[in-house]
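Here is how names work: the chains are called A, B, and so on, in the same order as the sequence lines, proteins then strands, and each is numbered from 1. Here the structure is a predicted model, which means the values were calculated and not measured.
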Amino acid sequence: MSEKEDAAAGPAWSTRVPERPTLDGLEERWASAWESEGVYRFDRSAPRERIYSIDTPPPTVSGSLHVGHVFSFTHTDLVARYRRMRGMEVFYPMGWDDNGLPTERRVQNHFGVRCDPTVAYDAAFEPPAEPPEEPIAVSRPNFVELCLRLTQTDERAFEELWRRLGLSVDWGMTYATIGDDARRISQRSFLGLLGRAIAYQVEAPTLWDVDFQTAVAQAELEDRERPGAMHRVRFHGEGAQPLIETTRPELIPACVALLAHPDDARHAAIVGSEVRTPLFGTAVPVLTHELVERDKGTGLVMVCTFGDLTDVTWWRELSLPVRPVLGVDGRLVPIPWGEPGWESADIDAARAAYGELAGRTINQARRRIVELLAESGDLIGEPQEVKRAVKFYERGERPVEIVTSRQWFIRTMEHRDALIARGRELKWHPAYMRARFEDWVNGLTGDWCISRQRFFGVPFPIWYPVDAGGVVQYDAPITPREEQLPVDPSTDVPDGFQESQRGTPGGFIGDPDVMDTWATSSLTPQIAGREWIDDELFRAVFPMDLRPQAHDIIRTWLFTTILRSHLDHDELPWSNAAISGWILDPDRKKMSKSKGNVVTPMHLLEEHGSDAVRYWAASGRPGADTAFDPQQMRIGRRLAVKVLNASKFVLQDSPTPAARVSHPLDRALLARLADVIRAASESFDAYDYTRALERTEEFFWWYCDNYLELAKGRRYDSDPEVSGSVARALTLSLSVFQRLLAPFLPFVCEEVWSWWQQGSVHRAAWPQARELERDLSGGDGELEARALDVAAAVLHEVRKAKSDARRPMRAPVARVVVRDSAERVGALELAAGDLRLAGAIELLEGEAADAFAVAVELADGADD
RNA sequence: GGGCGCGUAGCUCAGUGGGAGAGCGCUCGCUUCACACGCGAGAGGUCGCAGGUUCGAAACCCGCCGCGCCCACCA
C-alpha cells in the first residue's frame with residue numbers, strides 16, 4: 001500500500017468521491033497538476049543504479065506529428081511510468097530534430113530567403129513580413145537563426161500534444177539537434193574521429209542527388225519502381241559487332257569497357273580485343289568479370305562512369321579509366337573530344353553526336369541518343385518497355401546518380417565485425433529485430449559518407465589554407481580548439497588569420513559542407529546526457545538503459561548510434577532497444593499523407609480521450625505493425641469509465657475494513673490478484689507492455705462482473721467480520737488495480753487515486769504480491785480458489801436462467817440446486833451463504849469431475 | 001534472389017504439446033440500489049494448404065501458397 005504522506009497533497013488532490021464521475025477535463029487538470037507538482041522531474045542526485053535513462057527519439061519538427069508518433073511514444077511512456085513506479089529515477093528528456101532538409105525547405109518558403117555561405121553574417125537581419133518574389137541571400141548563421149525561430153513554434157505545438165497525451169517527460173530537459181550544445185558535441189566528436197583518422201576526406205564516386213545537389217548516404221536510399229526501356233545497341237569491332245542491352249543509352253559516351261562472364265563461350269572470341277562505341281567511336285576493351293550474369297541480355301554488359309554501384313565496383317577492380325559525362329546538376333557536361341581520355345576514331349562525328357546531348361538532362365539526352373542510334377543503325381529493334389527498380393534519395397524526385405566529388409567519410413567497413421558483436425550484446429525487444437541490424441551491417445558496401453552540400457545542418461569545423469598560388473590545401477585542414485566550439489567556418493575565422501584573408505592566396509577558406517543529419521542524430525545519447533558540457537550528468541545516464549524507436553530506422557538511427565558510441569566510448573550506447581511497429585490503415589498499408597487517411601493526433605485525443613488513445617497504442621505489441629482502429633479506442637474509453645465507476649462503488653459508503661481479510665472468497669480474490677501482479681510485472685520487465693495490460697484488464701473485468709457482485713451482498717453484513725473482510729479486500733484490490741493500470745490510463749488512474757490517497761499514483765510504489773502476503777498466510781489456498789470458481793460459475797448459471805426466462809436480474813430466486821463433484825461441492829459449502837441468492841440452495845454430489853449442473857427455480861410473481 | 005515477420009470467428013488479435021479463446025460487430029433479453037460511456041445471455045471457426053514427428057498438433061519439423069517489411073551486383 002502507498003504510505004500516507006502528511007500534507008503532501010496540493011489543492012489538485014481532492015479527497016472526495018464525486019457524485020457523477022466523468023472523464024471530461026481530466027487531461028487538462030492532471031497535466032497541469034503534474035507540471036506544478038514536478039511529478040516527472042528527474043532527480044540527478046540519484047545513484048546510477050537507481051537511474052533509468054531513455055534515449056528518446058527526437059521527432060522531426062518541420063512536419064507534423066502523426067498517429068504513428070502517438071503510437072510509439074506511448075510505448076516508451078508505458079515503460080517510463082512502470083520503471084518510475086518501480087522506484088527508478090527516470091531520465092526521460094525530449095528532443096527536437098530540427099536539423100536537416102525538411103526544415104531548410106520550410107524556412108526558404110516561409111521567409112523567402114536562401115542560404116549563401118559566402119554572405120557575411122548580419123546580426124541585425126530581419127526578414128520581410130511577406131516573403132519576396134526573389135529569395136534574399138543570407139549567411140549561414142542568419143539562416144540557422146531563422147530555422148530556430150520557425151522550429152520554436154512547431155516545438156511548442158508538439159509539446160502541447162505530448163502533454164495532452166500524458167507523456168511523463170521532464171520538460172525541463174529538452175534539446176534540439178541544431179542547438180548550440182548539439183553542434184558543439186557533434187563537432188567535437190567529429191574532430192576526435194578526425195584526430196584518430198577514423199573520419200577522412202577523399203575524392204571518390206559518391207551517391208548524388210541531382211535536385212538537391214548533394215551527396216547522400218546508402219542508408220538514405222530507397223527503391224522505386226519506374227518504367228524504363230531496354231535498348232539493344234551494337235558496338236563496332238574488327239569483324240565482330242557485339243550487342244549489348246542497356247536501360248541507360250545516354251551513358252554510351254561514358255562507356256569504358258564491355259564485360260562478359262569469364263566462362264561465357266559466346267563472347268570468348270572477342271575477350272581481350274577492343275571495340276568502338278557507336279556514335280562516338282571510342283575504343284573500349286572487352287574484359288571479363290565474375291559478377292557478369294550470363295543470362296541477362298546478351299551476356300555482355302557496358303561499364304560506364306557511372307551507371308550504378310556495380311559500375312563503380314568494376315571500375316575499381318579492373319582499374320578502368322573514367323569518362324564522366326554527368327554534371328552535378330543532372331545535365332550532361334561539355335566534353336573535350338580529342339583530348340586524352342576522349343579519343344575517337346572520328347572526332348568530328350563524336351563532337352557532332354555529343355553536341356546533341358551536352359547541356360541536356362538525363363531524360364532529354366536519353367531520348368535524343370535513341371534517335372541518333374536509330375539513325376545510325378546501331379539501335380537493333382525497338383526498345384522494350386521494362387519495369388525496373390531505381391534507387392532514389394528518400395526525399396528526392398529523380399534517381400540518384402553517381403558523381404565523383406570530395407566528401408567526408410567515417411570508416412565503417414573495418415568495424416563491421418565489431419558492430420555485429422555490439423548488436424549481439426544489445427537486448428532487442430522483440431528479439432527478432434536484431435536480424436534487420438545484422439542484415440544491414442552485412443550488406444554495407446562502403447564507408448559512411450557524412451558530408452552534405454546543404455546549409456542547415458552542423459558545419460564541419462574545418463578550414464583549409466590557401467597557398468600563395470591560390471590553391472586550396474585540402475590535405476592540411478585547420479581545426480578549432482575545443483573551447484571555440486561550436487564554430488561555423490563560413491563566418492568564424494581560424495586562429496592566426498583575419499577575416500580579410502578569407503579566400504585569398506596565403507589565406508584560408510572554410511569547409512562549405514554540413515554534416516548528414518544522422519551524423520548528429522547518432523549522438524542523441526551524448527547530446528541528451530550533455531557529454532563534456534555536464535560530465536556529472538553524463539556519467540549518471542550513459543550508457544542509457546533504453547533506445548525506443550520504430551523498425552524502419554534501424555539501418556539509420558540505431559545503426560549509426562551504435563557506431564558512434566562504439567568508436568567514441570568503446571561500448572554500447574544503451575542496453576535495451578525496444579522496437580515499435582508502424583500504424584497501418586485498414587488496407588494494411590503504412591499510413592501516409594499521400595493516402596489521404598492521416599488523422600491528426602490532437603483530434604484523436606479530443607474525440608476519444610488520451611487514456612483511450614493510449615489504450616489503443618498499448619494494444620500494439622512491441623515490433624508489431626498495428627491497424628489504426630478507433631474501435632479499440634472506444635474500448636479503452638470504456639475501461640477508463642469502468643475504472644471511475646468501480647472506484648466509486650468501492651470507496652463510497654465503505655464499511656470499516658478489518659485488520660485482515662478472513663473469508664474464503666476474499667482471500668481467493670487476493671490470491672488471484674497476486675498472480676496478476678506477478679504476471680504484469682514480469683511482462684513489463686520484458687518490455688511486453690501489451691501482455692501486462694491484457695492480464696490486468698482481463699482480471700479487472702472479471703473482478704467487476706463477478707467479485708463486485710459477490711461483494712454487494714456481503715459488504716453490509718451484520719457480522720462485522722464479514723463486512724470487514726470484504727471492505728479490506730475491496731480497498732486492497734482497488735489500490736492494486738489503480739496502480740497496475742496507471743501506466744496505461746494515467747489520467748483516470750490519477751483521478752481515482754486522488755479520491756482517497758495522498759500524492760500522485762505515478763510516484764506510488766508499483767504493486768507487489770508481497771503486499772498481500774499477510775492477508776493470504778495460512779488457510780487452504782486451493783480450496784478457497786475453488787470456492788471462488790464455483791461461486792462465480794453458479795452466479796453465471798443464475799443469470800443465465802434469468803436471461804433465458806426474460807426476467808430482470810433482480811427477479812427473486814426460489815431455489816437453486818447445484819450438482820457437482822464432491823471436491824467442488826465441498827468448496828462451495830464454504831461460500832454458499834455468501835452467494836445471497838435470496839432463495840434456498842441445495843448442494844448435491846455428482847459422480848464425475850464434469851458433473852457440474854445447476855438447476856434454478858425463479859420465484860413467481862412481480863419482479864419488484 | 002536472400003533475410004525477417006505474419007496467416008486462428010465477419011473485424012482486430014491472444015493462445016507454442018492434451019478442453020479452440022477474448023474484445024468488437026451480430027442476435028435476444030434487462031432501467032440491476034458503481035456504471036445505459038451500462039448489465040446479462042447467445043449464435044458464430046475444416047486454426048492458409050499438404051506431408052511428417054507424436055498416444056495426442058492450432059502449436060514442433062519439412063515443403064508449398066498468400067500477405068507485409070527489409071536487403072540485393074535491378075546491365
| B:rA59 versus B:rA9 - spacing of their P atoms, nearest Å | 15 Å
| Would the number of heavy atoms belonging to other residues, nucleotides or ligands and lying under 6.0 Å from CZ of A:Arg366 be above 12? | yes
| field | Residues in side-chain contact (heavy atoms from CB on, under 4.5 Å) contact with A:Ser580, at least two apart in sequence or another chain | value | A:Ser72, A:His75
| said: Near RNA chain B, counting only heavy atoms under 4.0 Å, which residues of residues 306-313 of chain A show up? | reply: A:Thr310
Could you list all N or O pairs between the protein and nucleotides 1-5 of chain B that sit under 3.5 Å apart?
from  : atom 1 : to       : atom 2 : distance (Å)
B:rG3 : O2'    : A:Asp439 : OD2    : 3.3

| query | Checking all strands, does A:Val303 fall into the base, sugar-phosphate, or nothing category for heavy-atom contacts under 4.0 angstrom? | reply | nothing
| query | When you measure from the side chain of A:Gln631, which nucleotide among B:rA34, B:rG25, B:rC74 comes out closest? | reply | B:rG25
| task | Please identify each residue that fulfils side-chain contact (heavy atoms from CB on, under 4.5 Å) with A:Val256, with sequence neighbours left out. | result | A:Val303, A:Thr305, A:Leu320, A:Pro321, A:Arg323
| note | So, with a heavy-atom separation below 4.0 Å from RNA chain B, the residues of residues 241-249 of chain A are A:Glu245, A:Thr246, A:Thr247
| said: Ring of A:Trp518, cation from A:Arg555 - is the NZ or CZ under 6.0 Å from the centre and inside 45° of the axis? | reply: no
Polar pairs (N or O, both sides) under 3.5 Å between protein and nucleotides 14-18 of chain B?
from   : atom 1 : to       : atom 2 : distance (Å)
B:rG15 : OP1    : A:Arg691 : NH2    : 2.6

| field | Short side-chain N/O contact to B:rC24 OP1/OP2 from A:Arg638, under 4.0 Å | value | yes
| request: Check every strand shown and say whether A:Cys304 touches a base, only sugar-phosphate, or nothing at a heavy-atom separation below 4.0 Å. | output: nothing
| request: Remember a base hit wins even if backbone is also touched, and classify A:Leu291 as base, sugar-phosphate or nothing at under 4.0 Å, heavy atoms. | output: base
